[in-house]
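Here's the structure, in structure tokens; my notes come after.
All values reported here derive from a predicted model rather than from experimental measurement. Numbers restart at 1 for each chain; the letters A, B, ... are given by sequence-line order, proteins then strands.
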Number of protein chains: 2
Amino acid sequence: MSYAVSMSTVASRREQYSQATRAALLAAATRRFAEQGFAGTALEDIAADIQATRGAIYHHFANKTALFQAVFEELEHDALEQSAAAAARGKDPWEAAFLALDVFLERCCDPVYGKIVWQEGPIAFGWPQWLAAEEALAYGFIQRLLSDLMETGQLERQPLQTTTRLVFGMLNAAGMTLADAPEPAKPQLKTEYLTMIGRMASALRPQPSPAFE
Amino acid sequence: MSYAVSMSTVASRREQYSQATRAALLAAATRRFAEQGFAGTALEDIAADIQATRGAIYHHFANKTALFQAVFEELEHDALEQSAAAAARGKDPWEAAFLALDVFLERCCDPVYGKIVWQEGPIAFGWPQWLAAEEALAYGFIQRLLSDLMETGQLERQPLQTTTRLVFGMLNAAGMTLADAPEPAKPQLKTEYLTMIGRMASALRPQPSPAFE
DNA sequence: TCTGTCACATACACAATGTATGTCCTATGC
DNA sequence: GCATAGGACATACATTGTGTATGTGACAGA
């Protein structure tokens, strides 16, 4: 190979190896956590997948929860980026919200994402801390979308927190269900959730005046 | 100890003592699980609360999960009974649903119920098994309410499973939030959730002129 | 080539669950 | 009454998994 110095600063040989094992650990942990859950996964097994020992894990991560958090944040960060990109393509706040919703549901059809972020997340962190983590991620994103809708008068001015939590709860349900569903049933389920969530959210439009769109 | 007056007919002295410790274990476990969570509670501590040892626990329950399940089912069974009683007072399916919702939200203001059933439940059982347990309890109850509404033409005939999961998801969010909320904020929050959930559910009423996009 | 340090491996301490066994007390048959 | 069986626990032990402390070999810099 060539002198591929892709990193900003010189990536010394040792650093490269180190980052490679770290990435491998993340990949192995992702698979294990998705398949066996957080509690059901022993760090020993993750290390063995890499042909390493738990020492490697504890060198790179403070503890089991920190490892899970790294996995979690990587997945959720990517998903959020995709949703945000989709939302940006919307011409108005409503279209933005629906585009984001569509991408989100699509993302949840990946069982790894759905299981880790929506099922195992609250288990690993505990619900309150999971919600706290989400405030900076999906939850916060939803809140901003809803806030935009309210500010522009396209959504009835309801208590923002409560509205956000309810929408979040619906997405939660959708995500978990899609993550658990058998592969062939997913497309059908996805459109069902898309429609129904849309209907419910539309109930909060100022004056439903159905004659006009 | 004095010669206690024999209570019910066939309760031998040993059985009485046994049932008393079992009940005490349930009470102690309920408190511990609610305060420290499932994972954060050691069986040793529960036993110590009763001035007993873990042997007593393992005599009455198969394992830690079974103990939690007993606590869980006791709470959820009572809550469900109250909701069902409220629903029975409704004159039509819609009123029944709203009365049940009101009682449910009130019940969630008890942090013990909210924490154990809605927060710790999925943690202790794992989400899929938690949902499976709920199929016979709150989840199943909601499904019957919605099914009634659809059968009588008071709710648009939407996919029942999907609708149920979404409503369940909203109740989930409401329950968790109320369980976590500081005491003085609860009444206000409760009315907010009552209103908003009502609004969203009403979006599924058959509309004379449905708006389409 | 020497040395310090980084990336791990090894070894150990500890906490918690679950199981196997022991013990006392109560109910019951004679 | 007494002997015996079984139930309600307590005690002791095995196992598993996390987290920490210490050791070691390779790589970078001098």
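- Remark: P of C:dA16 and CG of B:Leu67 are 16 Å apart, rounded to the nearest angstrom.
- Residue A:Phe72 is tested with A:Phe33, A:Phe38, A:Phe125 for a side-chain contact (heavy atoms from CB on, under 4.5 Å); the sole match is A:Phe125.
- Taking the six-membered ring for Trp and the full ring otherwise, the centers of B:Phe104 and B:Trp118 sit less than 6.0 Å from each other.
- Distance alone, capped at 3.5 Å, is enough to place a donor-acceptor pair between the B:Thr41 side chain and the B:Arg32 backbone.
- Here A:His60 reaches the OP1 or OP2 of C:dC8: one of its side-chain N or O atoms lies under 4.0 Å away.
- For A:Ala56, whose side chain is taken as the heavy atoms from C-beta onward, the closest listed nucleotide among D:dA28, C:dC8, D:dG17 is C:dC8.
- Computed from coordinates, the A:Gln51 CD to C:dA7 C1' distance equals 17 Å when rounded to whole Å.
- A donor-acceptor pair is defined here as one N or O able to donate and one able to accept, closer than 3.5 Å; no such pair exists between the side chain of B:Trp127 and the backbone of A:Met176.
- Taking atom CD of residue A:Glu44 and atom C1' of nucleotide D:dG19, one finds them 13 Å apart after rounding to whole Å.
- Using a cutoff of 4.0 Å between basic side-chain nitrogens and carboxylate oxygens, A:Asp102 and A:Lys190 are scored as salt-bridged.
- Side-chain nitrogen and oxygen atoms of A:His59 include at least one within less than 4.0 Å of the OP1 or OP2 phosphate oxygen of C:dA7.
- Nearest to the side-chain atoms of B:Thr53 among the listed nucleotides D:dT11, D:dG19, C:dT17 stands D:dT11.
- The interatomic distance linking B:Tyr17 (OH) with C:dC25 (C1') rounds to 11 Å, in whole Å.
- Between B:Arg54 atom CZ and C:dA16 atom P the separation is 10 Å, expressed in whole Å.
- Between B:Ser18 and D:dC9 there is a side-chain polar atom (N or O) within less than 4.0 angstrom of OP1 or OP2.
- Between the C1' atom of D:dT16 and the NZ atom of A:Lys64 lies a distance of 11 Å, rounded to the nearest Å.
- Considering only side-chain N and O atoms, B:Thr21 lies nowhere under 4.0 angstrom from the phosphate OP1 or OP2 of D:dA8.
- If you measure from atom CG of A:Asp45 to atom P of D:dG17, you get 7 Å, rounded to the nearest angstrom.
- In this structure, A:Thr41 reaches the sugar-phosphate backbone alone: every heavy-atom distance under 4.0 Å involves primed, P, OP1 or OP2 atoms, never a base.
- What separates CD of B:Glu15 from P of D:dG7 is a distance of 11 Å, to the nearest Å.
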